[in-house]
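Below: one structure, written as structure tokens.
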Amino acid sequence: MTVTNTRQIQYKDALIESLTQEMQRDPTVFVMGEDIAGGAGRAHLGITEAWGGPFGLTKGLIQQFGPSRVRDTPISEGGFLGTAIGAALTGFRPVIDLMYMDFVGVCFDQLISNAAKIRYMMGGQAKVPLTIFTRFGAGTGNAAQHSSIYYGILSHIPGLKVVVPSDPYTLKGLLLSAIRDDDPVIVCNDKKLIKMSGAVPDHPYTLPIGESRIPLEGQDLTLVGIGYTTQLCLEAAQTLQSLGVKPEVVDLLSLSPLDKETVLQSVRKTNRLVIVDEDTPRCGIATDIAAIVVDEAFDFLDAPIKRVTAPHTPVPYSKPLEDHYLPSSEKIVRITKELLNRL
Amino acid sequence: MTVTNTRQIQYKDALIESLTQEMQRDPTVFVMGEDIAGGAGRAHLGITEAWGGPFGLTKGLIQQFGPSRVRDTPISEGGFLGTAIGAALTGFRPVIDLMYMDFVGVCFDQLISNAAKIRYMMGGQAKVPLTIFTRFGAGTGNAAQHSSIYYGILSHIPGLKVVVPSDPYTLKGLLLSAIRDDDPVIVCNDKKLIKMSGAVPDHPYTLPIGESRIPLEGQDLTLVGIGYTTQLCLEAAQTLQSLGVKPEVVDLLSLSPLDKETVLQSVRKTNRLVIVDEDTPRCGIATDIAAIVVDEAFDFLDAPIKRVTAPHTPVPYSKPLEDHYLPSSEKIVRITKELLNRL
Amino acid sequence: MELSNQTILWLYKTMLTTRCFEERLIEEASKGKTRGSIHPSVGQEAVPAGVCAHLAMSDYISSTHRGHGHAIAKGVDVNEMMAEIFGKSTGICKGKGGSVHIADFSKGMLGTIGIVGAGVPLAVGAALSSTLRQNDSVSIAFFGDGAANQGILHESMNLASIWKLPVVFVCENNQYADATPVEYATSATNISDRAAGYNMPGWTIDGMNVLAVYDAAGVAIGRARAGQGPSLLECKTYRYYGHFFGDNPLTYRLKEEQEKYREQDPILQFENDMQLSYPKCFASRKRIREEVTTSIEKAIEFAYSSPYGPITDLYDDVYVNYAGLETL
Amino acid sequence: MELSNQTILWLYKTMLTTRCFEERLIEEASKGKTRGSIHPSVGQEAVPAGVCAHLAMSDYISSTHRGHGHAIAKGVDVNEMMAEIFGKSTGICKGKGGSVHIADFSKGMLGTIGIVGAGVPLAVGAALSSTLRQNDSVSIAFFGDGAANQGILHESMNLASIWKLPVVFVCENNQYADATPVEYATSATNISDRAAGYNMPGWTIDGMNVLAVYDAAGVAIGRARAGQGPSLLECKTYRYYGHFFGDNPLTYRLKEEQEKYREQDPILQFENDMQLSYPKCFASRKRIREEVTTSIEKAIEFAYSSPYGPITDLYDDVYVNYAGLETL
Ligand SMILES: Cc1ncc(C[n+]2csc(CCOP(=O)(O)OP(=O)(O)O)c2C)c(N)n1
Ligand SMILES: Cc1ncc(C[n+]2csc(CCOP(=O)(O)OP(=O)(O)O)c2C)c(N)n1
Ligand SMILES: [Mg+2]
Ligand SMILES: [Mg+2]
């Protein structure tokens, strides 16, 4: 799909716009989360909205849809996620704002035991059309308990779907798909993208869950990015191009289901693969892709598969340490050069 | 280490023996969990012990150590795990019985945000000498919510250690190491091993966390097993040997830290790798090992790396479906043959 | 309160069906025809019956591992339940869930959930649906005394209360969670004492007496239906068997205690009540017993004669629009 | 109760140090010298001071994201705290934790935990340690009104109660969780009403008055120390600033409300009390103010002049016996 509309808006605004359009279209959609309006229950004091969501991602919704469809919650993630699952089982399409991805910890059971399994263990009787959107990632000095990435863990769980938009355009298309999807979908938003601007059509549109994109074609090696790291791959690609190397960039978009065909096809062409992920290295999406490729495209591989990830450590607070923690386009370029020097 | 003592005992009894010996040796060790004695608080009725733990894995401990060191809990996994972390931070070595691995869901936050991160985010001031032992795996008709495997997820988390014994001998050595270890260690016990007998020395001994074993040497390919699947690999190896194929079997034992050197060395010798894991396929230990090997031993690989795992589905109840869900020695043999036929 | 004969007979038949279903199931389990854990609710039949007597198809319940009684009282077909526990493709969940995951969404039975406490918020969510739809259906969250100490219960009660949702939290306090007695595990004298902390009414009643349950549930459900918000109903009850089929309860409780409760058997008690107050119903008890026995024998036959599902079932139902294996 | 001059001066100095520390910190934050979120407790100083006045080094506390006051009241060095928030290697956590993870295990300060409610069971665990050791140290779990609705709090209170552990649950009810008012999110009229459901005493007191906090905490801690078990102390208080530095609280609360609370400022109130009842202490208030200002300026200097840690710090402290990267 090509973007014909050239209106530039922020990631944040694309999120609000998507929610607004879908809530207008479908009366069974409602949003629930901590401070998504804020100041709840104080209409008598002239306060209907305060925060409009952490980072303002739900700003203005309550004015349009009222407090029963834009529902502030107590700090009870397990309870309100379970409540959302119950509502999804009985005909609604709840959208949950999970403030930070770290908080999957306190509602993990509802995710893995109920949202993911109910349909299966009850023989396909039920569906759970639930969307969760959440913020993740380091780089903001929020330290170990507010910077974590758990999308690899979530992708491990059969029954869950997981997507990671990489810009305002993909956010809107994937969020609308997620809300319309009949399975639980987690839409993971890198904090570092929230102020990014990009071209976004103003009408509602969807991008299929389970399909990756190729924002840059090339033939010398494949760089796979996830969300923000796709931007890093594109940055690194510029440097590499100036050195005469032509990388292809795959923007994964969907982690579960995984569009392995797009990755495999690319590697069959380029014969080399570097996966860039801000998640920690063990048992994550990067290892997953490496494992699939060495299984299914072994004969096309000319070099080891490299992974650029965070180290196996929690996220540190101090700036120099956190800077070093993160993947960067420099690291991608360095690893790529090492890989090509094997020739 | 070779086993000189030939006393044969069950996995279950090795577990009780290890706990008993360590509690005798170290007064800071205590055990806590649901029904680990059972009948708590009914001494006045002549009841001190009832269940002795699910599957009887803590049977008899309360008679020896009393209810303050063998502490029945309410069904509050998050609460009592957090309590154990607090006790660990203040000088004790709690051992937690988490009845089924599925219940990591309800205490996940305490695991990932506290047990795993406190040491790091507090600059190394603290240590969390906590042991969790738990039961996992399908094969018993316990359906989707009582058969799950989450050790891949736990291995993803920096700050946690994860081990999976494969027989009574490795259980005792690893459990004693886990209790003496100053970091949080999760000891994962496959239900299918609980009645297995094997030679176990009667004195206390430890096996290093982070080291794998090679129970069978060979040169034609490497089979990597985890816990019970090591037994499947050994079974498959017998069949393969009868066909003239000499597989080497690596018993992983430790998932985090991972003894990648042992796997790499084996693959450098055999040039072929099959990983057998009962966990589901995405973002797990099997993908992890494949990714490490294709990165660090690429030039030694003569064939794709294959993974024999459960499918990307929850665990079904009915026997034929569950049988099909599980890895088996037949599947290992079949995959191995396919791999060798590539020659 | 005077009840209609129809209600009396429904209560009787429902309790009897549950009892008979489980007693027969245990026989089959001891022959190895079932797998995993079976958690009999024998002794507790008065609670599901007394509560669900007030419910229509459009009302919802969520249930626990000990859920046969809830399913039966909500109208789930016993053939499909039995076949499910036999793992057959004709089971209500195609044999994929077994005893601990019986559900029937067509009947507002949102499922028995095996993680202790985890079913509770599902009922809260169903109640939220009713509120959003502005209809008058209500939801019941059944849970055990052991579940009372799970955090999710606390969160669910708070949510239901602040949003005034039409849900009744029904605690089946059978006094044990596995082998652990409630008085050890629970700091409250009565579990219903906790209701006050959520600004909702709480009652503790005799859960061996189906009429007592019926009356109290009527009040709680009536409140919910009238838009007056949630409440907590603790029913003191007792399971005659162990925690699961195979567990010997005499390792953690006294014979005398067991006998005391057996003397208050909900079905026998109710027969006495019928004899006194509903002689017409009492007169038909033999016929009902026979009907029930026949229906359960049929269920057993149905389960035996049904086939296992095809292996492809393994990959179905993971997602709505694609099977687990097509794309990883 | 008549207090010693020493205690009075300690309370005063502790509140003042917290106030001064945070006001100076906010200045630096607005210059961009800190990262992530800073959650000022300005306005709430009476609670940590009034509670910790009863504690020795051998007692434990666990704390929240709004934890500077708890740390200072438990004796954590302000230089090391400030350096931590600047991310420097001389910080109490080597700059790896920042404002929301300050801890000092040598002083029984088990750490500020950023996940709401997640610090509570740590205090319960420390109390279990004391019980196992059979000594008389006590533990305090500080938490906010928002945390009151997390399941882990419920589980922790139940555990502490059934095991009669020496722990006091101190709720700092500053009436907001982020922008959400407590009366919306919490079904109980007073959070302390929930104590009864756990069979423990609960009190709601004026948390702007340090002497009221001191008195009530004395009772609760005294009970715990004497082996009489846990209790819940709710302190009604107020934060003057937004949820975090940068948040404008006027989007969710009225100016009049803010002003009302500022009039009850805990430090000003206490100065008035001192003037009336402890004139000698009152007389030394200027000296104390100067001491405090000097110590905070020193802390700022210390933070500025300290170096960042080496990059290798990134890999340390993941495990006790090996760094994260050596072996994956
Ligand atoms: C979170 C969780 N912890 C532990 C278990 C294991 N378990 C299953 S049933 C049960 C006891 C439940 O007791 P109660 O809630 O009183 O229900 P009852 O069995 O008495 O009907 C336990 C501990 C579980 N399924 N889920
Ligand atoms: C489990 C969890 N959910 C949400 C958050 C985000 N968050 C941080 S502080 C806070 C408000 C806490 O309110 P309260 O407990 O009243 O403490 P206060 O900020 O008022 O001191 C929230 C929602 C979190 N850190 N952890
Ligand atoms: Mg019970
Ligand atoms: Mg607050």
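Any value given below was found using the heavy atoms of this structure, including those in side chains, with hydrogens, waters and symmetry copies removed. Below, read A as the first sequence line, B as the second, and so on, with proteins coming before strands; counting in each chain starts at 1.
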Requested in this report: Report the option among Val106(A), Thr280(A), Asn114(A), Ile289(A) that has the most heavy-atom pairs separated by less than 4.5 Å from atoms of chain B.
Outcome: Thr280(A)
Report task. Answer yes or no: is there a side-chain heavy-atom contact under 4.5 Å between Ser256(B) and Arg282(A)? Result -> yes
Query raised in the report: Which residue out of Asp102(B), Ile112(B), Leu111(B) racks up the most heavy-atom pairs below 4.5 Å with chain A?
Result: Ile112(B)
Query raised in the report: By a 4.5 Å heavy-atom criterion (distance strictly below it), what part of Ile149(B) contacts chain A: side chain, backbone, both, or neither?
Result: backbone
Query - Tyr150(A) portion near chain B, given a 4.5 angstrom heavy-atom threshold - result: side chain
Requested in this report: Hey, can you tell me if Phe298(A) and Phe298(B) have their rings parallel, tilted or perpendicular (30° and 60° cut-offs)?
Outcome: tilted
Report summary line: Pair count under 4.5 Å, heavy atoms only, with chain B: among Gly284(A), Ala290(A), Ala297(A), highest is Gly284(A)
Query raised in the report: With sequence neighbours excluded, what pairs up with Phe103(A) under the ring pair (Phe, Tyr, Trp, His ring centres under 6.0 Å) test?
Result: Tyr100(A), His146(A)
Requested in this report: For the pair Arg307(A) and Asp277(A), find out whether any cationic side-chain nitrogen is under 4.0 Å from an anionic carboxylate oxygen.
Outcome: no
Query raised in the report: If you count heavy-atom pairs under 4.5 Å between each of Gly105(B), Cys283(B), Gly159(B) and chain A, which one has the most?
Result: Cys283(B)
**Report entry** Residue list, side-chain contact (heavy atoms from CB on, under 4.5 Å) with Ser266(A), at least two apart or on another chain
**Finding:** Thr222(A), Glu248(A), Val250(A), Thr270(A)
Query raised in the report: chain A: which of Ile275(B), Val104(B), Val293(B), Asp279(B) shares the most heavy-atom pairs with it under 4.5 Å?
Result: Asp279(B)
Query raised in the report: Under a 4.5 Å heavy-atom cut-off, does chain A meet the side chain of Ala143(B), its backbone, both or neither?
Result: neither
Query - Lys161(A) and Ser254(A): CA distance, side-chain angles, deciding distance, side chain to side chain donor-acceptor pair (under 3.5 Å) verdict - result: CA-CA 8 Å; Lys161(A) 293 176 177 172; Ser254(A) 182; over 6 Å; no
